[in-house]
There are 10 protein chains.
Amino acid sequence: MLFHVRMDVNLPPSMPEAEAAELKRVERDKAQALQASGKWRHLWRIAGQYSNISLFDVDSVDELHTMISTLPLFPYMTIQVMPLCRHPSSIRDDDK
Amino acid sequence: MLFHVRMDVNLPPSMPEAEAAELKRVERDKAQALQASGKWRHLWRIAGQYSNISLFDVDSVDELHTMISTLPLFPYMTIQVMPLCRHPSSIRDDDK
Amino acid sequence: MLFHVRMDVNLPPSMPEAEAAELKRVERDKAQALQASGKWRHLWRIAGQYSNISLFDVDSVDELHTMISTLPLFPYMTIQVMPLCRHPSSIRDDDK
Amino acid sequence: MLFHVRMDVNLPPSMPEAEAAELKRVERDKAQALQASGKWRHLWRIAGQYSNISLFDVDSVDELHTMISTLPLFPYMTIQVMPLCRHPSSIRDDDK
Amino acid sequence: MLFHVRMDVNLPPSMPEAEAAELKRVERDKAQALQASGKWRHLWRIAGQYSNISLFDVDSVDELHTMISTLPLFPYMTIQVMPLCRHPSSIRDDDK
Amino acid sequence: MLFHVRMDVNLPPSMPEAEAAELKRVERDKAQALQASGKWRHLWRIAGQYSNISLFDVDSVDELHTMISTLPLFPYMTIQVMPLCRHPSSIRDDDK
Amino acid sequence: MLFHVRMDVNLPPSMPEAEAAELKRVERDKAQALQASGKWRHLWRIAGQYSNISLFDVDSVDELHTMISTLPLFPYMTIQVMPLCRHPSSIRDDDK
Amino acid sequence: MLFHVRMDVNLPPSMPEAEAAELKRVERDKAQALQASGKWRHLWRIAGQYSNISLFDVDSVDELHTMISTLPLFPYMTIQVMPLCRHPSSIRDDDK
Amino acid sequence: MLFHVRMDVNLPPSMPEAEAAELKRVERDKAQALQASGKWRHLWRIAGQYSNISLFDVDSVDELHTMISTLPLFPYMTIQVMPLCRHPSSIRDDDK
Amino acid sequence: MLFHVRMDVNLPPSMPEAEAAELKRVERDKAQALQASGKWRHLWRIAGQYSNISLFDVDSVDELHTMISTLPLFPYMTIQVMPLCRHPSSIRDDDK
């Protein structure tokens, strides 16, 4: 099942640079592993924002929540989730 | 270039059913032709809503606007456009 | 999987009473059949509003969307969907 | 009487980990005791958020407020309360 | 129990004046009967608006919803309900 | 004249407990004195919130502002004021 | 006492021009009489909008509401009222 | 030309009292000088809020911005500006 | 002086096509005459919307309001006006 | 292609003045270099706000995002991006 997720990152300006860099490094590693597994299907940057639009392809809502809530940046993100389904006008049976 | 588009459809309940059906038929034909051309890359239904999330892959903003504003349902839709770009943590060079 | 759904009904005051009554009768029948099937787990009225809070227990997002979008009142409702999952402090494994 | 409650938790990132862990431990104990008593009927996590949707079954508004306002996380939560009542299309007399 | 209710009235300008006058007459009769019964404790007009702030004193949420949803103007009102309880700094045990 | 006031209190979690307790103690004393004087006619807690709904009965807007802006918690509150007047369907000449 | 009032006018495009012109003529007469009386102290157009900002100087909230709610355009206006008082940095005792 | 300005002041509670008092003293001096010059035509307190409504009478937008942005409290204020013009129903040619 | 104006057009779907076409033709003529005069400095379409962003260069707020409020589409537009001034980091003295 | 960008700057009041001054100096240098290159076509201050409206003329969304996200003030700004295109009523083929 597909879920549309928007993540807005808000790191406090007072966070030491080294701590922020390490957080982002671990976040990237985790995001790339989830992409490689096929669970995190798409990941785009919203122009002009420290935000992304993502598409997750998961077996259950619990799996989705576990993935998102264990991201290193989770405590610093505002997150919105929308369940998606096949559009009747899509030319694909499985538009991932 | 990729653009994220959300379309919320609001057909007036007073529209005759035949007129609505014809509008939707032409809309679907146009949407499927644009998908086949590769310009309309993704088209998903938002669960529980008469709304879709779409990804367009176009050469210019003018091309995007022409496509959207000539859709038969355009006068009945609320539309939001967000330009997207490659995310630095994406594992793909061209995540379409 | 559980989905939390809020439905706000807006029937146009100009709708003939007989038409509104028939719509509501068919809606109730459908809602009760879905409740009997176990798919529509809870259905509550929000006090003071022509609105409800519902819990759906479905196998997929597509199943959820099909149920909601075929309700007779669907064209007259504003609908919000939130996916839910087990809360770590819940005392139940399956809180439906 | 049933009340629908949404709680959004906002712990300041500067809170020491041990303090946060202790707060959450006491919160969980209290939430589980209230669930066991039958007053806190349902407790779900909203996917992708540090938030929950809860159903309380109480004898009075005062009882509800006392329960919520004495939760250890109360000072860190944004809370919305909606009174619910039986829906005329419900198949249950007492849908808790 | 006390509930704080805000009602905003939106009569369509196209409603015939006689119909509007009759609606308002029946609404007033019902509102006054409920005030006389002690259930509708306070009723104030918000300055500059076709809106009121009301305090209801009821035995249950169901009783509240039945009263509000059977008001003649109910189909033309936007309504917000907030449950109230005793304030710890109130000098009254029962501030109605 | 009656004014409807909503006060939402936001004490910073970093405030020392003794300072908060003293602030609240002085606030309560002042609120109770104003209630005793008849100026602060009603004071209710909004269920689930660190907020109140109040009715003030004052001779002028200046008097109202002086009362509110000298409350000890004023720097920590978000406040909304709405002027009220007699409702034509009220059964009382002076519904305080 | 001074009250700050914003009025946004929304005449339905379907209203016959003669009816709209007559409404506006009566509205202007009434607005000018109230200005001449000193009750409607200021009246400005918001640039680019069919809206005004007004200052009323009245003896009571009831007087204010009676003036506003009997304006011919009242059924077509969205209105917001804010009570004002003397600013401590004003150089005037009575800034009307 | 007239501009309608709303200023909401948000001084951080952690600011030392002496610093806040000095800021407010300088702000008052500057506000009174601008009022005396005729540029800051009106200054009212919004009841119950640490906010004001002001009318500026300036020769250009640049002059307006310079005045506002050099106020000592500018870094602590949320500010909204609306250009005003003569209302066709005003009884004054120059309603300042 | 420069003013930033956003115009969102909402033509009722029930308007006869010939009437809409004539309205738009007259609107375009007027918009082009104002552009030729130098008063309407910029006019852009917002992608995906029946909306524009415009820059006006006028001598007074009254002149601006007269231009906007006499546009044929004025009754069908939602309009927002923001006064602009020279930015201190601009490389131009007069950035029109 | 043209993009309309609004930037609202929020420097924390606790930032040392020298640090803020240096940030602004580097920001100005960078903004002026981008203006000189023709990529940052317009830059205006919004009256009364620490905010600007900008027009960027770029070859791609990626180029736009790189420019904005490398501005020294980027971590302190709220940014909104809207793609623009030629308006059919514009008298210019290329309204930059």
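Chain naming here is simple, since letters A, B, ... match the order of the sequence lines and numbering starts at 1 in each.
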A.B. asks: Grab the two heavy atoms, one from I:Arg28 and one from J:Pro88, that are nearest each other, plus how far apart they are.
C.D. replies: NE-O, 4.3 Å
A.B. asks: J:Gln35 and I:Ser89: which non-hydrogen atoms are nearest, and at how many Å?
C.D. replies: NE2-O, 2.9 Å
A.B. asks: Roughly how far, to the nearest 0.5 Å, is CE of J:Met82 from CZ of I:Arg45?
C.D. replies: 12.5 Å
A.B. asks: Is there a side-chain contact between J:His4 and I:Arg6, using heavy atoms and a 4.5 Å cut-off?
C.D. replies: no
A.B. asks: Quick one: which of I:Glu27, I:Arg92, I:Gln32, I:Arg41 has the most heavy-atom pairs under 4.5 Å with chain J, could you say?
C.D. replies: I:Gln32
A.B. asks: Pick from I:Asn52, I:Ile53, I:Leu2: which one has the most heavy-atom pairs with chain J under 4.5 Å?
C.D. replies: I:Ile53
A.B. asks: Is the number of heavy atoms from other residues, nucleotides or ligands under 6.0 Å of I:Glu19 CD greater than 12?
C.D. replies: yes
A.B. asks: Would you mind checking which part of I:Arg86 comes under 4.5 Å of any heavy atom in chain J, side chain (CB onward), backbone (N, CA, C, O), both or neither?
C.D. replies: backbone
A.B. asks: If you apply the rule ring-ring contact (aromatic ring centres under 6.0 Å, His included), what do you find for I:His87 with J:His42, and how did you get there?
C.D. replies: CA-CA 10 Å; I:His87 193 285; J:His42 295 288; over 10 Å; no
A.B. asks: Taking every heavy-atom pair that is under 4.5 Å apart, which of I:Ala47, I:Gly48, I:Ala36 has the most such pairs with chain J?
C.D. replies: I:Ala47
